[in-house]
Enquirer: 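Input: one structure, supplied below.
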Amino acid sequence: MTQEELAARAAVSVRTIRNLEAGRAGRAYTRRLVVTALADLPPQPPSAPAPARKAVPAQLLPDVPAFTGRATELLALDDHLAAATAICLLCGPAGVGKTALAVHWGHRVRDAFPDGQLYADLRGSAPGAGPATTDILAAFLRALGVPGNDIPQAPDERAARYRTLLAGRRMLVVLDDIASADQLRPLLPGTPRCPVLATGRGRLADLVVRHGAHRIGLGPLPPGDALRLLRTLVGDRVGADRHGATALAERCGRLPLPLRAAAEAALTHPTLPLSAVDVGPGAAEARGTGPQG
């Protein structure tokens, strides 16, 4: 208000208002005039409630330290993201680094998914039954901001609510270690703006035939990448004993997980020649020559 408007509302002179502004009036008198003036103001309309903020889940596992290689596969995933492929499947044997690649790529492109990332481990290759799909849907709904008592009980209703919440969003869904297309199907969003990156040991042909999934097969690391991974993890011993390092990489099948286990064993025994490092039974199993190959 102007000085004149405030003087009129408070029934005082403009000079009095000027004295108040100049600090030449007492505090009590000032408060009385302000209260009197404000009492005549029309009530303010209630402010509209702030729109609810969408939950932005960030469920990806931490990126794998010293991730090495897979340049071709990373570029293939980039291409399918650009082409809005709804489902990409990373398949290969145990120890080949499917989860590591999925998580590494997810972190690499996370800025392309401003609405967040969802992650679930379906434990398809683990002994016993993995988590129920309905439980995974409930966890996803909670991550998307649905209170627990509002989560539908019926599996079909949970899946429908999940797809509804993802509509219009740009999210990445990573489904790790799936065993079958039936396990995955209820977790598929209804929009290509939310692509699914799945991993599994099998070829899962049904996903390719019925849902247009693009399959990317993973095999052993090239020899140079396998040695580079060992050098990153073990250090100068690889350069000093290249023959032993090459032999160690081959005994690990040039697979990332056995290579990391062997590197840990080499660090535990720093005086042991690399060719003599025990790679353990897991390397043979990962190469397909062990009891679980």
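Only this structure's heavy atoms are used, side chains among them; waters, hydrogens and symmetry mates stay out.
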Enquirer: Just by modelled atom types, is the Val277 backbone N or O under 3.5 Å from a matching donor or acceptor in the Arg251 side chain?
Expert: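 Checking the backbone N and O of Val277 against the side chain of Arg251, a donor-acceptor pair under 3.5 Å is found.
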Enquirer: Rounded to the nearest 0.5 Å, how far does NE2 of His243 lie from OG of Ser275?
Expert: 8.0 Å
Enquirer: Measuring only between side-chain heavy atoms, which start at C-beta, is Pro258 closer than 4.5 Å to Val279?
Expert: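 When only atoms from C-beta onward are counted, Val279 and Pro258 do not touch, as no gap falls below 4.5 Å.
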Enquirer: What is the minimum heavy-atom distance between Arg215 and Ala205, and which atoms define it?
Expert: NH1-CA, 4.0 Å
Enquirer: Evaluate the side chain to side chain contact (heavy atoms under 4.5 Å, CB included) criterion for residues Val174 and Trp105: first the C-alpha distance (whole Å), next the side-chain angles of each, then the deciding distance (0.1 Å), finally the verdict.
Expert: CA-CA 10 Å; Val174 178; Trp105 183 79; over 6 Å; no
Enquirer: Test your reading of the model: is there a side-chain donor-acceptor pair from Arg254 to the backbone of Ala249, 3.5 Å cut-off?
Expert: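 No; zero donor-acceptor contacts below 3.5 Å.
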Enquirer: Report whether Val103 and Ile216 are members of the same hydrophobic cluster (ILVMFWY, side-chain heavy atoms less than 4.5 Å apart, transitive linking).
Expert: yes
Enquirer: Mind running side chain to side chain contact (heavy atoms under 4.5 Å, CB included) on Leu172 and Tyr119 for me, showing each step along the way?
Expert: CA-CA 8 Å; Leu172 174 65; Tyr119 172 89; over 6 Å; no
Enquirer: What pairs of donor and acceptor atoms, side-chain ones from residues 109-117 against any protein atom, are under 3.5 angstrom apart with sequence neighbours left out?
Expert:
unit_1	atom_1	unit_2	atom_2	d
Arg110	NH1	His107	ND1	3.0
Asp115	OD2	Arg170	N	2.7

Enquirer: To the nearest 0.5 angstrom, please state how far the NE2 atom of His80 sits from the CG atom of Leu75.
Expert: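 Result: 11.0 Å between the selected atoms.
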Enquirer: Do Pro195 and Leu81 come close enough that some side-chain heavy atom pair is under 4.5 Å?
Expert: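 Yes, their side chains come closer than 4.5 Å.
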Enquirer: What heavy-atom pair brings Pro220 and Gly253 nearest, and what distance separates the two atoms?
Expert: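 Heavy atoms only, the tightest pair is CB-O, 3.3 Å.
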Enquirer: For Ala66, what residues pass the side chain to side chain contact (heavy atoms under 4.5 Å, CB included) criterion, not counting sequence neighbours?
Expert: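 If we apply the side chain to side chain contact (heavy atoms under 4.5 Å, CB included) test to Ala66, skipping adjacent residues, the hits are Thr232, Leu233, Arg260.
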Enquirer: Using every non-hydrogen atom in the two residues, find where Pro186 and Ala159 come nearest and quote the distance to one decimal.
Expert: O-CB, 3.9 Å
Enquirer: Roughly how far apart are Glu73 CD and Leu77 CG, rounded to 0.5 Å?
Expert: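 Atom-to-atom, Glu73:CD and Leu77:CG are 8.0 Å apart.
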Enquirer: Using links of under 4.5 Å between side-chain heavy atoms of ILVMFWY residues, direct or through other members, which residues join Val196 in one cluster?
Expert: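 The other cluster members (ILVMFWY side chains, heavy atoms under 4.5 Å, direct or chained) are Ile87, Leu89, Leu118, Leu122, Ile136, Leu137, Phe140, Leu141, Leu144, Val146, Ile151, Tyr162, Leu165, Leu166, Met171, Val173, Leu175, Ile178, Leu184, Leu187, Leu188, Leu204, Leu207.
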Enquirer: Go through the steps to decide whether Arg185 and Thr133 satisfy the test side chain to side chain contact (heavy atoms under 4.5 Å, CB included), and finish with yes or no.
Expert: CA-CA 9 Å; Arg185 195 169 289 116; Thr133 302; over 6 Å; no
Enquirer: When hydrophobic residues are tied together by side-chain contacts of less than 4.5 Å, even through go-betweens, does Val208 share a cluster with Leu197?
Expert: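 They do not share one cluster, since no chain of ILVMFWY contacts under 4.5 Å joins Val208 to Leu197.
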Enquirer: With hydrophobic residues grouped by side-chain heavy-atom distances under 4.5 Å, do Leu267 and Leu248 end up in a single group?
Expert: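 Leu267 does not cluster with Leu248.
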Enquirer: Can you tell me how far apart CG (Asp236) and CG (Asp241) are? Round to the nearest 0.5 Å.
Expert: 12.5 Å
Enquirer: Set out, in order, the CA-CA distance, both residues' side-chain angles and the distance that settles side chain to side chain contact (heavy atoms under 4.5 Å, CB included) for Leu221 and Arg70, then state yes or no.
Expert: CA-CA 8 Å; Leu221 291 172; Arg70 302 302 187 197; 3.8 Å; yes
Enquirer: Ignoring hydrogens and angles, state whether a donor on the side chain of Asp177 or Thr199 is under 3.5 Å from an acceptor on the partner side chain.
Expert: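 There is no such pair (donor and acceptor under 3.5 Å, judged by atom type) between the side chains of Asp177 and Thr199.
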Enquirer: How many angstroms lie between atom CG of Leu90 and atom OG1 of Thr99, to the nearest 0.5 angstrom?
Expert: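 So the CG of Leu90 and the OG1 of Thr99 are separated by 9.0 Å.
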Enquirer: Ala167: what forms a side chain to side chain contact (heavy atoms under 4.5 Å, CB included) with it, not counting sequence neighbours?
Expert: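 Scan of Ala167 (side chain to side chain contact (heavy atoms under 4.5 Å, CB included), adjacent residues dropped) gives none.
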Enquirer: Out of curiosity, does Val96 fall in the hydrophobic cluster containing Phe67 (side-chain heavy atoms, cut-off under 4.5 Å, transitive links)?
Expert: yes
Enquirer: Could you tell me the separation between the CZ atom of Arg158 and the CZ atom of Arg163, rounded to the nearest 0.5 Å?
Expert: 14.0 Å
Enquirer: Nearest heavy-atom pair of Ala265 and Asp278: which atoms, and what distance?
Expert: CB-O, 4.0 Å
Enquirer: Quick check: does any side chain N or O of Lys98 sit under 3.5 Å from a backbone N or O of Gly217, one acting as donor and the other as acceptor?
Expert: no
Enquirer: Under the salt bridge (charged side-chain N to carboxylate O under 4.0 Å, His left out) rule, collect the residues that match up with Asp150, sequence neighbours excluded.
Expert: none
Enquirer: Who passes salt bridge (charged side-chain N to carboxylate O under 4.0 Å, His left out) against Asp78, sequence neighbours left out?
Expert: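 Asp78 satisfies salt bridge (charged side-chain N to carboxylate O under 4.0 Å, His left out) with Arg108 once adjacent residues are dropped.
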Enquirer: Looking only at heavy atoms, what is the nearest atom pair of Ala55 and Arg169, with distance?
Expert: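 Minimum heavy-atom contact is O-NH1, 3.4 Å.
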